[in-house]
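The figures here come from the full heavy-atom set of this structure, side chains too, leaving out hydrogens, waters and symmetry mates. Chain letters run A, B, ... following the sequence lines, proteins first, then strands; residues in each count from 1. Just so we're clear, the structure is a prediction, and the values are computed from it rather than from any experiment.
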Amino acid sequence: MNYWLVKSEPDKYGWHHFTEQGRAVWDGVRNYQARNNLNAMRLGDQVLYYHSVTNPGVVGLATVVREAYPDPTVPDDPRWVVVELEPVLAFYRAVPLARIKAEPLLANLALLRQSRLSVMPIRPDEFELILKMGQQ
DNA sequence: GCCAACGTTGGC
DNA sequence: GCCAACGTTGGC
């Protein structure tokens with residue numbers, strides 16, 4: 001089991017929209033490092049759902065329901081892939097970026113170190129902590 | 001709205 | 001291969 005974090009702008013594709021649809025094709029990733037992370041996702045992996053820009057923070061948990069395949073929105077460009085995600089649970093309370101920054105145990109999160117990466121791996125202990133922070 | 005970080009493009 | 005210019009992301 002692997003753990004990940006994906007970013008989305010709530011004004012473009014927010015958690016609410018995601019849960020209404022019940023399933024998302026995670027398209028539009030155009031960064032090689034993020035793409036490599038999509039390729040490494042396996043069925044059942046756990047994915048933290050992060051809102052960027054507007055009220056930045058982790059708002060929910062999703063899971064991988066289909067592994068990487070070519071991005072259908074760019075059929076002529078084989079470089080890019082998508083995965084499919086389904087919502088698992090909404091956080092009782094969102095974990096704002098400010099709380100993540102204030103938590104020493106999360107100081108090594110890629111979220112803080114590589115501000116522009118939109119798909120990133122999370123260590124199991126980091127994942128458990130963020131999940132716990134969202135449920136209290 | 002501003003600005004820093006950073007990835008990409010293109011000239012040389 | 002280097003680097004300046006430029007576009008995008010994302011925090012504040």
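- Screening residues 113-136 of chain A for ring pair (Phe, Tyr, Trp, His ring centres under 6.0 Å) gives A/Tyr3-A/Phe127 as the qualifying pairs, with residues at least two apart or on separate chains.
- In this structure, A/Tyr69 has no ring-ring contact (aromatic ring centres under 6.0 Å, His included) partners at least two apart in sequence or on a different chain.
- Evaluation of the ring pair (Phe, Tyr, Trp, His ring centres under 6.0 Å) test over residues 79-104 of chain A, restricted to residues two or more places apart or in two chains, returns A/Tyr32-A/Trp80.
- For the salt bridge (charged side-chain N to carboxylate O under 4.0 Å, His left out) test, no residue two or more places apart in sequence or in another chain qualifies with A/Asp45.
- Residues passing the side-chain contact (heavy atoms from CB on, under 4.5 Å) test with A/Tyr13, sequence neighbours excluded: A/Ser8, A/His17, A/Phe18, A/Gln21, A/Ala24, A/Trp26, A/Tyr49.
- Taken residue by residue, residues 27-37 of chain A places heavy atoms nearer than 4.0 Å to DNA chain B at A/Asn31, A/Tyr32.
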Donor-acceptor pairs under 3.5 Å, side chain of residues 51-59 of chain A to any protein atom, not counting sequence neighbours: which ones?
{"residue": "A/His51", "atom": "NE2", "partner": "A/Trp15", "partner atom": "N", "Å": "2.9"}
{"residue": "A/Thr54", "atom": "OG1", "partner": "A/Asp11", "partner atom": "OD2", "Å": "3.4"}

Worksheet item: Which parts of nucleotides 2-12 of chain C does protein reach within less than 4.0 Å, heavy atoms only, written one letter per nucleotide 5' to 3' as B for base, S for sugar-phosphate only and - for none?
Response: -----BBBBSS
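- Applying the side-chain hydrogen bond (donor to acceptor under 3.5 Å, both in side chains) test to every pair with at least one member in residues 101-115 of chain A, sequence neighbours left out, gives these pairs: A/Gln33-A/Gln114, A/Asn108-A/Arg113.
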